[in-house]
Amino acid sequence: WTSEVEEVEQYRALMEKHHPDERLSHVSLEGFFAARMIVEVFKTVGPSFTKEAFIKELSSFSQTLDENAVSKNRDERC
C-alpha cells in the first residue's frame, strides 16, 4: 500500500477520483494491475489485432513484468 510504488499511487489516486466512497482492497488493486496490463497489450498489438498476436504479446508482457518485479524485489533487499 506504500505510495513509494508508482503504480500503487496511481491506483490510489484513480480510486479517490472515480470511487471515493469505496474502500481500497487487494482485490481491486490486482484488478487495476490486470486491466493496465491488458490495455498495454492492446496498445502493442494495435489495430491488426488477432487472438494469436494477443496471446503472444501477453506472454511476452507477463515475462517482462516478472523480470521487473524480481529486479525491484532484489533492489529493496539491498
Test side chain to side chain contact (heavy atoms under 4.5 Å, CB included) applied to Glu9 and Arg12, step by step: CA-CA 5 Å; Glu9 188 58 31; Arg12 292 173 67 175; 4.3 Å; yes

Show the numbers, then the answer: is there a side chain to side chain contact (heavy atoms under 4.5 Å, CB included) between Arg36 and Tyr11? CA-CA 10 Å; Arg36 283 195 56 215; Tyr11 158 77; over 6 Å; no

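In this structure, Ser25 OG and Phe32 CZ are separated by 13.0 Å, a value rounded to the nearest 0.5 Å. Here CD of Glu57 is found 11.0 Å from CE of Met37. Values are rounded to the nearest 0.5 Å.
Each of Leu24, Leu29, Asp21 was checked for a side chain to side chain contact (heavy atoms under 4.5 Å, CB included) with Met15, and the lone residue meeting it is Leu24.
Checked against side-chain contact (heavy atoms from CB on, under 4.5 Å), Ile38 has the following partners two or more places apart in sequence or in another chain: Phe42, Phe54, Leu58.
Although no hydrogens or angles enter the test, the distance criterion places no donor-acceptor pair under 3.5 Å between the side chain of Ser59 and the main chain of Lys56.
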